[in-house]
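Note on naming: letters A, B, ... go to the chains in the order of the sequence lines (proteins, then strands), and numbering restarts at 1 for each one. Note that the coordinates shown come from a computational prediction; the quantities given were computed from them, not determined experimentally.
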Amino acid sequence: MIQKISEQEQIRRDALRELQELGIDPYPPQTFMINACAREIKENFPNNQSLYQDVQVAGRIMSRRIMGSASFAEIQDDSGRIQLYFNRDEICLSDDKTMYNTVFKRLTDIGDIIGVRGFVFVTKMGETTVHVKEFTILCKSLRPLPVVKEKEGKIYHAFTDPEQRYRQRYLDLIVNSEVKEVFRQRATLIQSMRDFLLKRGYLEVETPVLQPIYGGAAARPFKTYHNTLETTLYLRIANELYLKRLIVGGFDGVFEFAKDFRNEGMSRFHNPEFTQMELYVAYKDYDWMMDLVEEMVENIALDMHETTSLQVGEHTIDFKRPWKRYTMYEAIEHFTGTDISDMDEARMRDFAQNIGIETDQSMGRGKLIDEIFGEKCEPHLIQPTFITDYPVEMSPLAKKHRSKPGLVERFEAICNGKEICNAFSELNDPIDQRQRFEEQIELGRRGDPEAMMLDEDFLKAIETGMPPTAGLGIGIDRLAMILTNSKSIQDVLFFPQMRPEKTASVQGSYAEFTQAGIPGQWAELLEQAGYGSLKSLHEANPNKVFNQLCGLRKKLKLDIPAPGIEEVTSWINT
RNA sequence: GACUUGGUAGCUCAGCUGGUAGAGCACGUCCCUUUUAAGGAUGGGGUCCUGGGUUCGAGUCCCAGCCAGGUCACCA
């Protein structure tokens, strides 16, 4: 017993063998020619019934209704579902009715993939249907599929358990048709953004995921090790510092759709790996970048939904330009009624505590402002809003504000209470940049686990000279969540990170047991009782093992004599 | 990480105050030439997440653990 098999799985394996005995290959190698898909047939046939009189379609069987010598089934291809009509005497032209009676009715199951050839007609019930003349099994499915039924928008027996949906996303995609649509929309989002940027002449580039020094954001990294180089490497938390090196190198506009990795908590807004698009454009500033973001996101919304106004949860969000713009101090004053722009660190800490924010000594003035904003403002910003002019302490890569001391030229776009992008006029003064890194090191000493590292190689690049540059990072997953009305990041990632499933390792122990002279039936039960190896069996109490075996024998109603206690003891002691 | 809810058949779920594990769908068998979540009849299918404890007796109560969801914390 290598694998535990349910009754339904065993029935399918038996069917598989029977197909092979009939000379039918359940996994044929050759191309199956397809000349139509479910959706186009259903769209076009009602208007012109001369179409599709010799079609070949293929897909997965999703339902079957068998009535003697006539049957209906539905198959699902990438475009949707279509009904099939099978008639015994048309599938089987001779007296041999095996193909219908045995192969179709008995050996074919929901979940199998078949190809059919036939003509399209409309049933009495008004359903566009393929009248099947021939069918071919293309893949026998060995596991039963969750069967979801639907009538007038009402779903019966929905496949809803989130754990199973994410771990076995293929089932989710097969059975929950709206899931596929979310990922198609995500693809549209990315394509729309890429087209927008390429049309402006920016270069799409790729930069390292494995980095000797992680940087470009405040976050904890994943750490790994390169054997040949004998060096620690980090999975990137951002690609900012590499893209800026390319601006130094003379490209005027570069962007990258980057997988970034952050070794932090998980939630419905956070996955350890996520996608971010970063863009850097030379000779521009953050005001220019705000205009670009507005235009780009509005454009994406139109490409995805043909409107800028979307229902997201309980809110209607409109991405139509122009978006509201607040400075950070204005936003805080707006939501707390207090102007904090002139407070020093001590007064600000008092103020933060007074409005119920926890603080500690590792927090500098900038971090305090960030906390106040994150607590009191961000959740209330539902419509897309730009927040500008951040304190210098929390933005070590952004250029000092041209007119407001202590601030930098930075903005974030907030939407539905969450940040969707972050951008600044990039710092290109190498002396200032070195000082900022040193301040980060100081913050690190005070205990800020997210303080940045000093990247000497990056400083060397900036010292070579980077033109004034506007930079942007935009979270693709967060944007996809909003634009697809998904309440969890797991719904816009095919395979969200999950804790590995704990599976009892019983493989091979059966063979080990039988080799040690234990009869096969009992070896099987020992596996079921949780003994994964001879070693674990030898460590067990013989009385307990004996009781477990007798219990299982009774539970499974096995028609075999119970083992003697001496017998069990002898297995354990040999 | 904290709190909280859940884990029972392939899927969705019920199972009261502790007393022989249930339903629908799916599956098997038989009958049936156009059905629409469902043609009719009938039958099989369970490590009640795991391990301890209480009890004459645990799916149910207690403790510990595993996995997942939610909220919060952390975190762009």
Side-chain angles (χ1 to χ4, degrees), chain A residues 4-12 14-15 63-74 81 83-90 100 105-106 109-111 121-127 129 131 141-168 171 175 217-220 237-238 260 262-272 274 276 358 370 373-374 378 394 412-414 418-422 449-450 473-475 477-478 487-488 490 498-504 525 527-530 544 548 551-552 555-557:
Chain A
K4 282 190 82 175
I5 285 180
S6 72
E7 185 194 31
Q8 291 194 44
E9 288 174 278
Q10 191 53 53
I11 288 163
R12 286 171 182 238
D14 293 344
S63 72
R64 301 201 308 158
R65 291 181 290 278
I66 295 174
M67 285 142 307
S69 53
S71 297
F72 290 90
E74 268 182 306
R81 294 188 184 189
Q83 180 167 269
L84 308 179
Y85 171 70
F86 290 80
N87 180 298
R88 182 184 62 208
D89 297 327
E90 296 190 54
Y100 182 78
K105 274 171 65 176
R106 208 157 54 72
D109 289 292
I110 289 177
F121 74 112
V122 176
T123 64
K124 282 182 195 163
M125 299 302 292
E127 177 105 14
T129 300
H131 188 124
S141 166
L142 296 184
R143 284 177 183 269
L145 219 52
V147 176
V148 177
K149 301 193 174 182
E150 187 239 311
K151 186 187 187 182
E152 289 159 8
K154 199 171 170 201
I155 311 272
Y156 299 80
H157 309 114
F159 178 64
T160 51
D161 177 23
E163 177 171 2
Q164 286 197 73
R165 287 184 50 222
Y166 302 144
R167 284 196 203 276
Q168 293 177 267
L171 289 181
V175 142
R220 285 151 64 196
I237 57 172
D260 291 337
R262 299 189 182 176
N263 202 344
E264 289 165 345
M266 290 164 60
S267 75
R268 71 192 178 94
F269 293 103
H270 301 268
N271 194 65
F274 64 101
Q276 192 170 201
E358 279 184 44
D370 190 36
F373 178 78
E378 196 170 348
M394 51 195 279
E412 291 187 358
I414 314 284
K418 282 280 166 188
E419 171 206 342
I420 55 171
C421 80
N422 182 16
E450 295 172 8
I474 183 161
D477 311 294
R478 295 270 179 93
K487 66 183 193 335
S488 166
Q490 293 169 310
M498 304 284 276
R499 200 176 293 272
E501 244 179 325
K502 208 181 68 176
T503 48
L525 291 189
E527 271 191 351
Q528 281 196 34
K544 182 178 176 189
Q548 279 179 310
L552 276 171
K555 181 156 202 161
L556 300 174
K557 302 189 182 85

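Shown here, B:rU12 forms a base pair with B:rA23; the pair counts as Watson-Crick or G-U wobble because both key distances fall under 3.5 Å. When both distances must be under 3.5 Å, the Watson-Crick or G-U wobble mate of B:rG39 is B:rC31. When both distances must be under 3.5 Å, the Watson-Crick or G-U wobble mate of B:rG44 does not exist. Base pairing of B:rG70 is made with B:rC3, judged by Watson-Crick or G-U wobble geometry with both donor-acceptor distances under 3.5 Å. B:rG51 and B:rC63 make up a base pair, with Watson-Crick or G-U wobble contacts both under 3.5 Å.
Taking the side chain of A:Q8 as heavy atoms from C-beta on, and the options B:rA68, B:rU33, B:rG10, the nearest nucleotide is B:rG10. Closest to the side chain of A:M67, out of B:rC11, B:rA68, B:rU34, is B:rU34. Here the side chain of A:H157 is nearest to one of B:rU12, B:rG39, B:rG24, namely B:rG24. Distances were taken from every side-chain heavy atom of A:D109 (C-beta onward) to each of B:rG28, B:rA68, B:rU35; the shortest belongs to B:rG28. The listed nucleotides are B:rC13, B:rU33, B:rU36; the one nearest the side chain of A:T160 is B:rC13. For A:E7, taking side-chain heavy atoms from C-beta onward, the closest of the listed nucleotides B:rU34, B:rA68, B:rG45 is B:rG45. For A:R167, the side-chain atoms get nearest to B:rC67 when compared with the rest of B:rU35, B:rC27, B:rC67.
OP1 and OP2 of B:rA68 both lie 4.0 Å or more from every side-chain N or O belonging to A:R165. OP1 and OP2 of B:rC27 both lie 4.0 Å or more from every side-chain N or O belonging to A:R12. At B:rC67, one or more side-chain N or O atoms of A:R499 fall inside 4.0 Å of OP1 or OP2 (strictly under the cut-off). Phosphate contact (OP1/OP2 of B:rC11, side-chain N/O of A:Q164, threshold under 4.0 Å): present. Side-chain nitrogen and oxygen atoms of A:R88 include none within less than 4.0 Å of the OP1 or OP2 phosphate oxygen of B:rU33.
Among the heavy atoms of the strands lying under 4.0 Å from A:I66 is at least one base atom, whether or not backbone atoms are also near. When heavy atoms are screened at a 4.0 angstrom cut-off, A:Q490 is found touching the sugar-phosphate backbone but no base atom. Residue A:D161 is in sugar-phosphate contact alone, with no base atom involved, counting any heavy-atom pair closer than 4.0 Å across all strands shown. Within 4.0 Å of A:F373, counting heavy atoms only, lies no atom of the nucleic acid at all. The residue A:R106 sits close only to the backbone: its heavy atoms come under 4.0 Å of sugar-phosphate atoms, none of a base. Using a 4.0 Å heavy-atom distance criterion, A:E150 is classed as a sugar-phosphate-only contact. Backbone-only engagement by A:A219 is indicated by non-hydrogen atom pairs under 4.0 Å involving sugar-phosphate atoms exclusively. A:K487 comes within contact range of no nucleotide atom at all, as no heavy-atom separation falls under 4.0 Å.
Ring geometry, A:H131 versus A:Y85: the interplanar angle exceeds 60°, so the pair is classed perpendicular (tilted spans 30 to 60°).
Nucleotide B:rU35 holds its C1' atom 7 Å from the CE atom of A:M125, rounded to whole Å. Atom CD of A:E9 and atom C1' of B:rG46 are 15 Å apart (whole Å). In this structure, CG of A:L84 is placed 17 Å from P of B:rU35, rounded to the nearest angstrom. Summarising the geometry, the separation between CD on A:E163 and P on B:rU5 is reported as 19 Å, rounded to the nearest angstrom. Whole-Å rounding puts the A:R143 CZ to B:rA9 C1' distance at 15 Å. To the nearest angstrom, P of B:rU34 lies 13 Å from CD of A:E90. Residue A:M266 contributes atom CE, which lies 16 Å from atom P of B:rA2 at whole-angstrom precision. Atom CZ in A:F159 sits roughly 8 Å away from atom P in B:rC11 (whole-Å rounding).
On a pure distance criterion of 3.5 Å, a polar donor-acceptor pair joins the side chain of A:Q83 and the base of B:rU35. Side-chain N/O atoms of A:T129 and base N/O atoms of B:rU34 include no donor-acceptor pair closer than 3.5 Å.
Within a 6.0 Å sphere centred on CZ of A:R65, heavy atoms belonging to other residues, nucleotides or ligands number more than 12.
Using C1' as the reference atom, B:rA23 and B:rG70 are 28 Å apart when rounded to the nearest Å. For the P atoms, the distance from B:rG1 to B:rU20 is 40 Å, rounded to whole Å. As rounded to the nearest Å, B:rG7 and B:rG65 have C1' atoms that lie 14 Å from one another. For the P atom pair drawn from B:rG51 and B:rG59, the interatomic distance equals 12 Å after rounding to whole Å. B:rA26 and B:rU36 have their P atoms separated by 14 Å, with the value rounded to a whole Å. Here, B:rU60 and B:rU8 have their P atoms 13 Å apart, quoted to the whole Å. Taking atom C1' in both B:rG19 and B:rG57, the straight-line distance is 7 Å, to the nearest Å. Comparing B:rU12 with B:rG53, their P atoms are spaced 33 Å from each other, to the whole Å.
The distance from atom CD1 of A:I237 to atom CZ of A:R262, rounded to the nearest 0.5 Å, is 6.0 Å. The distance from the CG atom of A:N87 to the CZ atom of A:F72 is 9.5 Å, given to the nearest 0.5 Å. The CD atom of A:E74 lies 5.5 Å from the CZ atom of A:R81; values are rounded to the nearest 0.5 Å. For the atom pair CZ (A:F269) and CD (A:Q490), the distance works out to 11.5 Å, reported to the nearest 0.5 Å. A distance of 12.5 Å separates CD1 of A:I11 from CG of A:L142, quoted to the nearest 0.5 Å.
The residues A:E378 and A:K418 are annotated as not salt-bridged, no charged nitrogen and carboxylate oxygen being separated by less than 4.0 angstrom.
Mapping A:R268 and A:A158 onto RNA chain B via the closest heavy atom, the residue that lands nearer the 5' end is A:A158. Taking for each of A:F72 and A:I110 the nucleotide of RNA chain B with the nearest heavy atom, the 5'-most of the two is the partner of A:I110.
A:R143 places no side-chain N or O within 3.5 Å of a backbone atom of A:R12 that could act as its donor or acceptor partner.
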